[in-house]
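Written out below as structure tokens is the structure these notes cover.
Along the sequence shown, the residues carry numbers beginning at 1. Values reported hereafter were calculated over all heavy atoms of this structure, with side chains retained and with hydrogens, waters and symmetry mates removed.
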Amino acid sequence: MERRGVDAYGFFEREGSLGQVRAEFRGVVAAARERIAEAYGRRLHSAYLYGSVPRGTARPGHSNLDLLLVLHHEPTHEDRDTTEVLARGLDEDFAEIDGVDVLLHGKDRVLGEAERFGLGWFLACLCTPLLGADLAEHLPRYRPDSLLARETNGDLAELLPDWRARTRAASTPQEYRELSRTFARRLVRTGFTLVMPRWAGWTGDLAESAEIFGLYYPERAAQMRAAAAVALDPVADPAVLRSYVEDLGPWLANEYAAQHGTKSPRPPEES
């Protein structure tokens, strides 16, 4: 499988662009730009798209709109309330998207040393500028190495107790579908970054991520392919959630820690 996502020197090439946004999603992207500017005004430093929409792989009626918003200061409760209203309004007004996910952070946190290989890498390599000055100009170039693997997805073990609690608490088909998509997406991305340094490339495509993972862990390949399918078309099956939190998730967390270590502690976010 051909490596991609890196240049001739092994550095990440930025994923996605506004030019790759499919025609079906240009209206919601334009609305997001206008509503973000109106909602935050001078508090906003910059806004970015990430995920399938700027990659040009989004599916109408199935894909999320993913946004990263960076404020000049650390977000307050009021800022987070504004984000919820913004996300809900876009989701309700545009049938071509299936939900809106918004990450909200302050500029100092994104550029801080503690997030150099976390939020910093994410913004510089996976986010497409939508509004404001691009913070990637203040960040280094990155390679798909073990340090990056550790600092991006080396916290799966910390997530599993909460995943188990949410699985036990879920009771409706809609809740099961939402959790299955959330868990599956994280597992596939973690599976890919587990092998990313050996593959020496990058992809944001979940199906391709699962296939690359399977090259190195054939005994788990079928599970990861199935998780990639659920990430794209979530299911209302509690047995699938249990398999994630009792089998695939714990195995993946242990293997990740053995190969790359665990994610460095982050300072708590202010509110």
Using distance only, find each side-chain donor-acceptor pair of residues 257-265 under 3.5 Å and give its atom names and separation, not counting sequence neighbours.
{"unit_1": "Gln259", "atom_1": "NE2", "unit_2": "Glu255", "atom_2": "OE2", "d": "3.2"}
{"unit_1": "His260", "atom_1": "ND1", "unit_2": "Ser146", "atom_2": "OG", "d": "2.7"}
{"unit_1": "His260", "atom_1": "NE2", "unit_2": "Leu194", "atom_2": "O", "d": "2.9"}
{"unit_1": "Ser264", "atom_1": "OG", "unit_2": "Glu151", "atom_2": "OE2", "d": "2.8"}

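- Residues satisfying the salt bridge (Lys or Arg N to Asp or Glu O under 4.0 Å) test with Arg242, not counting sequence neighbours, are none.
- Listed by chain and number, the residues in a salt bridge (Lys or Arg N to Asp or Glu O under 4.0 Å) with Arg166 are Asp162 (sequence neighbours excluded).
- Chaining together hydrophobic side chains whose heavy atoms lie under 4.5 Å apart places Phe11 alongside Tyr9.
- Contact check for Arg220 versus Phe213: side-chain heavy atoms found under the 4.5 Å cut-off.
- Residues passing the ring-ring contact (aromatic ring centres under 6.0 Å, His included) test with Phe117, sequence neighbours excluded: Tyr142.
- A donor-acceptor pair under 3.5 Å is formed between the side chain of Tyr256 and the backbone N or O of Ala149.
- Counting non-hydrogen atoms of other residues, nucleotides and ligands closer than 6.0 Å to CD of Glu38 gives a total of 12 or fewer.
- With sequence neighbours left out, Lys107 forms a salt bridge (Lys or Arg N to Asp or Glu O under 4.0 Å) with no residue at all.
- The ring-ring contact (aromatic ring centres under 6.0 Å, His included) analysis of residues 151-180, with sequence neighbours excluded, yields the pairs Trp163-Phe183.
- With a 6.0 Å radius and a threshold of 12 heavy atoms from other residues, nucleotides or ligands, Glu78 has its CD atom at or below the threshold.
- Within the structure, the ring-ring contact (aromatic ring centres under 6.0 Å, His included) test picks out the following pairs touching residues 230-252 (sequence neighbours left out): Tyr217-Trp251.
- The ring-ring contact (aromatic ring centres under 6.0 Å, His included) pairs that include a residue from residues 223-243 number zero, where partners must be two or more places apart or lie in different chains.
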All N/O donor-acceptor pairs, side-chain side in residues 22-33, below 3.5 Å, sequence neighbours left out:
{"unit_1": "Arg22", "atom_1": "NH1", "unit_2": "Ala58", "atom_2": "O", "d": "2.6"}
{"unit_1": "Arg22", "atom_1": "NH2", "unit_2": "Glu24", "atom_2": "OE2", "d": "2.9"}
{"unit_1": "Arg26", "atom_1": "NE", "unit_2": "Val21", "atom_2": "O", "d": "3.3"}

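- Every residue two or more places apart in sequence or in another chain was checked for a side-chain hydrogen bond (donor to acceptor under 3.5 Å, both in side chains) with Asp91, and none qualifies.
- With sequence neighbours left out, Asp93 forms a salt bridge (Lys or Arg N to Asp or Glu O under 4.0 Å) with Arg35.
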